[in-house]
Amino acid sequence: MTDMPMSNPVSGATKGTLMQPDARTRRRNAAEKRFRIYGATAIGIAVLALVVLLFTIFRDGSGAFRQTYLAIPVELNAQVLDPKGNRDPGEMSKVLTLGYGKVLDAAVEATVARENIQIEGLTEAEIKGLISKDASAQVRSRVLADPELVGQTIEVDVLANGRVDGYFKGRVTLASAERDNNTSPQQLMLADELRDRGLMVTRFNWHFLSNPDASDQRPEAAGVGVAILGSLYMMLVVLFLAVPIGVAASIYLEEFAPKNRWTDVIEVNISNLAAVPSIVFGILGLAAFINFAGLPQSAPIVGGLVLTLMTLPTIIISTRAALKAVPPSIRDAALGVGASKMQSVFHHVLPLAMPGILTGTIIGLAQALGETAPLLLIGMVAFVKNFPASPPEGLFDPASALPVQIYNWTQRSDPAFIERASGAIIVLLIFLFCMNLLAIYLRRKFERRW
Amino acid sequence: MSTVKFTVSALALIAASATAAAARDQVQVSGSSTVLPYATIVAEVFGENTDFPVPVVESGGTGGGLQKFCEGVGENTIDIANASRPIKDAERETCTANGVTDIMEVRIGYDGIVFANTVDGPDFAYTPADWFNALSAKVVVDGKMADNTAAKWSDVNPELPEQDILAFVPGTKHGTREVFEEKVILAGCEESGALEVFTAELGDEDAAEEACMTLRTDGKSVDIDGDYTETLARIGSSPNGIGVFGLSFYENNTDKLKVGTISGVTPSTETIASGEYPVSRPLFFYVKKAHIGEIAGLKEFVEFFVSDELAGPDGPLAEYGLVSDPELAATQEAVANETTMQ
């Protein structure tokens, strides 16, 4: 009150009106401005980190979606491929891919000779090394499927060797080839000549999405087909187990269960489980599902079960939050007009909580999709080449998973696999992006406001 | 907690009822990450050329693989464990305790361990003694055991380049570490005469060997617990670094790495096969004999692995960097007869 005379209209006209901020207001305004700058900086750093991450991944990984092929005529020498001459696939299958490799080597050499390409210092091994080792398997399966092809000359599109492919993508240069034991500048010049003649082309690589993994010697043939299928199977298992169990558990806990010491203990434990490191669920999975229940190793069913256990707490917590967010007046109104407790929950509360439950479920699934650690212990971090059968039997066949494939490829010695790993990260990111987009869409579509 | 318990048992029940029909029809392999690339190459070619499915090959390290291998006999245990060192007695005992008694040991070839720096760096010509004097925690100074203070390679040996000592060595969980310690550091300790000095001072040869193989902890020697790709990345970021690699990894990255010689010998499949290059080790895999006949394609896979077409000197494994075994014929015979370890 002693300050009152200070703020009389007469002195206020000279200094300290609302139009002219005093020192304290200026300090307050400055503090607010600073806080906004801090916030904007924090967002800026996060965005910058994201941009750098995405930029490096797309720069390294975009190459995986393009692949170099060589179109050559191959003369299927009957003496090599069908020594008995009876065109019996059983007999012919005794000729291994190594035999077909020789036929292909001859075909590449013939092509180079026919095109009349002369390069100083080009060796025979460098010409043969132009094509992928995968080519012989490709031709062999084609011939065994149609034995009448033997003796004819067929046109085939074979994969180019990983180094040659890397040259067209800029990963390998003439300077690095000089020091590289697996290629040479001469080989790359030959590849240039073939490209100028239109025999060697780099085009979009659908096979990256459909092919299975390949061994260290043929990175150019590796794809994420088995991994996508394995991840899909695991997500199916998680969807069919975690969602019903999780939603049922949370409805009971939230709406029906008495509030006593037991439910408190359960609640604390669920929150704890949500924070347990995921590898612990892998250990549990190994003990419970493989050693005790006798399920097969490396199978998507076990992976799915482990991921189910891992996502359950997330789904329960988000479902309970969604149920809690429904105003009590809705329940009271339903009960007031004579609905039973169950009717009020299923007819009124659950539909209103649905967007929240769906969002929580999809986020839980997305988390499970990107998980590697628990799969390590149940044998899914493996080289799997065969596609699993269709479900339900396929759930018991060995399969890989997308994050596992990325992890595996980053450990391979051939640098071409780094490109593949980044490509697989792009595929995984697209999946996650679509799932999160779906979550946002569902929330917008079903959201109710009171 | 009880929700989860209930869930586990419910899930296990659902799952168990569904498994009865599913019998395993592919070979399962686990173990050493050094053997992994060879095993995947063989698995791939095996799948292409036979009617059997492609074996599933996991990597879990030699120790991890043998642990899984020794868990027991039966369809939900693995058939083959890859190893970059021979099986230990303790592991054999675990195996026996769990009923895994008849084990076939198959040696597939040899693998060299090489030392490489960045391709733009200087040339190195080491001896094992140089590595001992550069990396061991204790060295001999004026005839006495003393802490290692060498900072540059030229301090260790005037003929080496004047470059800061920084070595990326495999972590202790790797089979490669053991070979590095025994064939390089310990050999260097003996060669330089430090072992005698240590034995005299410590009064016990075992303790002296232990002292030889203890690496310095002042940041000059860095343990890499990941794979060779991690070592390569570390060399990329610190050009002074020298990494310990497997020969096949080096062979696939010759455009980024420059290999050093040991006692004047350049590592290659030829010098390792002839025994001139001193740092090499055999690679193995172990097979459960009880699974032969139970798991379709197991014996065929093992025979295919050691056949001349694959493991021979002109096969794809040698091309990838494996030093083929001169006694491959004996191995093939042992596999054909299903000879087990004694």
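Each chain gets a letter, A, B and so on, in the order the sequences are listed, and its residues count up from 1.
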Heavy-atom contact with chain A under 4.5 Å, split by part of B/Glu71 = side chain
Check whether B/Asp227 gets within reach of chain A through its side chain, its backbone, both or neither, counting any heavy atom under 4.5 Å.
-> side chain
With rounding to the nearest 0.5 Å, note down the distance linking CD in A/Gln138 to CD in B/Glu48.
-> 10.5 Å
Between B/Glu58 and A/Val381 the two heavy atoms that sit nearest each other are CG-O, 3.6 Å
Residue, of A/Pro398, A/Pro313, A/Ser93, that accumulates the most heavy atom pairs under 4.5 Å with chain B | A/Pro398
Side chain, backbone, both or neither: which part of B/Pro55 has a heavy atom under 4.5 Å from chain A?
-> backbone
Against chain B, label A/Leu96 side chain, backbone, both or neither, depending on which of its atoms sit under 4.5 Å from a heavy atom there.
-> both
Look only at the side chain of B/Asp255 and the backbone of A/Ala177, and say whether a donor-acceptor pair between them is shorter than 3.5 Å.
-> no
Chain A contacts, top residue of B/Asn253, B/Asn252, B/Val42, B/Thr77 (heavy-atom pairs, under 4.5 Å) = B/Asn252
Is it the side chain or the backbone of B/Ser30 that comes within 4.5 Å of chain A heavy atoms, both, or neither?
-> neither
A/Glu254: what forms a side chain to side chain contact (heavy atoms under 4.5 Å, CB included) with it, not counting sequence neighbours?
-> A/Arg320, A/Leu323, A/Lys324
In Å and rounded to the nearest 0.5 Å, what is the CD1 to CZ distance from B/Ile41 to A/Phe383?
-> 9.0 Å
Using a 4.5 Å cut-off on heavy atoms from C-beta on, say whether the side chain of A/Leu295 contacts that of B/Asn76.
-> no
When the 4.5 angstrom heavy-atom criterion is applied to A/Thr410 and chain B, the contacting part is backbone
Please collect all salt bridge (Lys or Arg N to Asp or Glu O under 4.0 Å) contacts where either partner lies in residues 404-417 of chain A, sequence neighbours excluded, each pair once.
-> A/Arg163-A/Asp414, A/Asp213-A/Arg412, A/Asp216-A/Arg412
Under 6.0 Å from the CD atom of A/Glu178, do we count more than 12 heavy atoms belonging to anything else shown?
-> no
Atom CG of A/Asp180 and atom OG1 of B/Thr254: how far apart are they, to the nearest 0.5 Å?
-> 4.0 Å
Side-chain donor-acceptor contact under 3.5 Å, A/Ser413 with B/Tyr320 = yes
Can you say whether A/Ile418 sits under 4.5 Å from chain B via the side chain, the backbone, both, or neither, judging by heavy atoms?
-> neither
Heavy-atom contact with chain A under 4.5 Å, split by part of B/Val56 = both
Choice from A/Asn182, A/Val172, A/Val384 maximising heavy atom contacts with chain B below 4.5 Å | A/Asn182
What pairs meet the salt bridge (Lys or Arg N to Asp or Glu O under 4.0 Å) rule with one or both residues in residues 33-44 of chain B, with sequence neighbours excluded?
-> A/Arg218-B/Glu44, A/Lys385-B/Glu44
Proximal component of B/Lys256, with respect to chain A [non-hydrogen, under 4.5 Å] | side chain
Part of B/Gln28 within contact of chain A (heavy atom distance under 4.5 Å) | side chain
Those residues of residues 111-121 of chain B that come under 4.5 Å of chain A on a heavy-atom basis, listed by number, are B/Val119
So CG of B/Asn49 and OH of A/Tyr100: to nearest 0.5 Å the spacing works out to 9.5 Å
NZ/A/Lys128: more than 12 non-hydrogen atoms of other groups inside 6.0 Å | yes
When you look at CD of B/Gln67, are more than 12 heavy atoms from neighbouring residues, nucleotides or ligands closer to it than 6.0 Å?
-> no
Answer yes or no: is there a donor N or O on one side and an acceptor on the other, between the side chain of A/Gln411 and the main chain of B/Thr229, under 3.5 Å?
-> no
Which one, B/Gln26, B/Glu309, B/Glu230, leads in non-hydrogen pairs under 4.5 Å with chain A?
-> B/Gln26
Is it the case that more than 12 heavy atoms not belonging to B/Asp51 sit under 6.0 Å from its CG atom?
-> no
If you round to the nearest 0.5 Å, how far is OG of A/Ser298 from CD1 of B/Ile78?
-> 10.0 Å
For the atom pair CD (A/Gln297) and NZ (B/Lys68), what is the distance rounded to the nearest 0.5 Å?
-> 4.0 Å
